[in-house]
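Before any comments, here is the structure.
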Amino acid sequence: MHCTKCTNNAVYINPTFCKQHFLLYIEKTVEKTIKRHSLIQKNDHIVVAVSGGKDSITLLYILNKLKPKLSFTLAALAIDEGIAGYRNKTLVTVNDFCKQHAISLNIVSYKDSFGKSLDKFLATTHKNTKPCTLCGAFRRTLLNKYARIYSASKLATGHNLDDESQAIIMNLLRGTPQLSARLGPQTGVIEDDLFVPRIKPLYFIPEKQIAAYSFLMKFNIEYGECPYVVQAYRGVIGELLNKYEQKHQDAKKNIINLFLKNKKKLMKLSIKHEKKVNYCNHCKEPSATAVCKTCVLLENKQYI
Ligand code: SF4
């Protein structure tokens, strides 16, 4: 089969492009998303949350390429949760990639910040806590805190179309659709100096296209998965959506588009509940509740 733009052989079907046109298509989609949703302004300092996986490495690469054209500065921030046999490998990828592309990198660990690695928490004080509940709360806290410390005007994450459609469905099935107001290409319901706005330039790109891009670019990536991912609810929803999409093309895109059409209504609903930003009584970081989720978990209280 031939590329729809030239006579070369296609390397990807739907959209059907040769290597050169496929790579260009992905990069143009990212640029269009940034422009249409005003994700980056001139002189912004963008800190990219990077894990070493295909999404964050692709994001870092494309933003680094767009940096001179859109006039912003860029740095990377990695979180070391302390997951033996997994994170140590992906951090090598991050380190090598940042060195190769002359991108400044900071690494922050759970051990230094909270006293123990994720593995240790789960093996000792938090045997009954779901790994992703603990890990997700800790990571959100550290990303916001250190993006702020490293002077980010925006924190960019590698969330893609699959991640976002999964999050919308998860919120629906849990009976908390108002939480989806926090989703979207640019997030944050209420502005606050301690909150760093989050942007998702890969928002409209399906996971399989990012996998193809990173493969064609020959990024030296660890394709292994976190050992705790099997326990994640997100995985179940991801599988369900993948199966559904085999029969109903563009289902994930339709979920995203429907959500974006209704985001303003959801934001109104959410602002009713979150009129102002609170600060955690313990760590003083922004929090929706008197004590933030991270501090509740650190005190090892039950969190559902
Ligand atoms: Fe953390 Fe869960 Fe992601 Fe593993 S899968 S890195 S435990 S959030």
Side-chain angles (χ1 to χ4, degrees), residues 48-60 76-95 97 105-147 155-171 173-174 176 179 182-183 187 198 200 202 207 210-211 214 221-242 292-298 300 303-304:
V48 180
V50 62
S51 65
K54 63 183 184 328
D55 303 299
S56 60
I57 291 288
T58 295
L59 176 64
L60 195 56
L77 172 61
I79 304 294
D80 180 4
E81 301 93 343
I83 304 172
Y86 170 66
R87 186 57 76 214
N88 44 330
K89 290 184 188 167
T90 66
L91 285 176
V92 171
T93 304
V94 174
N95 230 324
F97 188 88
L105 167 70
N106 287 292
I107 301 177
V108 180
S109 74
Y110 287 0
K111 189 161 191 276
D112 291 342
S113 307
F114 305 122
K116 277 186 271 193
S117 67
L118 183 68
D119 285 343
K120 202 68 186 252
F121 273 112
L122 295 171
T124 56
T125 48
H126 290 69
K127 281 182 180 157
N128 297 323
T129 310
K130 285 186 182 148
C132 299
T133 303
L134 196 66
C135 185
F138 288 2
R139 187 188 307 110
R140 268 192 302 281
T141 299
L142 291 185
L143 283 177
N144 186 64
K145 184 174 172 181
Y146 282 90
L155 173 69
T157 63
H159 290 88
N160 58 43
L161 186 91
D162 290 58
D163 299 323
E164 289 297 293
S165 52
Q166 287 159 14
I168 293 165
I169 297 298
M170 279 160 69
N171 284 336
L173 296 182
R174 282 173 174 153
T176 52
L179 292 184
R182 296 175 185 165
L183 302 173
T187 59
R198 291 190 180 207
K200 300 168 189 168
L202 304 182
E207 187 177 7
I210 297 171
S214 67
I221 282 173
E222 262 297 323
Y223 284 93
E225 276 192 327
C226 168
Y228 299 118
V229 80
V230 282
Q231 298 177 45
Y233 179 51
R234 179 179 280 278
V236 177
I237 301 295
E239 235 172 76
L240 195 133
L241 285 178
N242 283 344
C292 73
K293 191 170 172 179
T294 290
C295 288
V296 169
L297 285 163
L298 283 170
N300 204 5
Y303 202 103
I304 298 170

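Both counts, for ligands and for their atoms, begin at 1 and track the order of listing.
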Heavy atoms only, cut-off 4.0 Å: how does Cys226 contact ligand 1, side chain, backbone, both, or neither?
side chain
Does the side-chain hydrogen bond (donor to acceptor under 3.5 Å, both in side chains) test come out yes or no for Asp119 and Tyr110, once each step is laid out?
CA-CA 10 Å; Asp119 285 343; Tyr110 287 0; over 6 Å; no
For Ala78 and Val94, work out which heavy atoms get closest and say how close.
CB-CG1, 4.4 Å
Shortest non-hydrogen contact between Glu207 and Asp162, atoms and distance:
N-OD1, 2.8 Å
The protein heavy atom nearest to atom 2 (Fe) of ligand 1 is Cys132 SG, 2.3 Å
Near Tyr228, which atoms of ligand 1 are under 4.0 Å from a heavy atom of that residue?
7 (S)
Taking the ring centre of each residue, are Phe138 and Phe121 less than 6.0 Å apart?
yes
Minimum heavy-atom separation for Leu122 to Thr129, with atom names?
CD2-O, 3.8 Å
Nearest non-hydrogen protein atom to atom 3 (Fe) of ligand 1, with distance, is Arg139 NH2, 3.6 Å
Tell me the protein heavy atom at minimum distance from atom 1 (Fe) of ligand 1, and give that distance in Å.
Cys135 SG, 2.3 Å
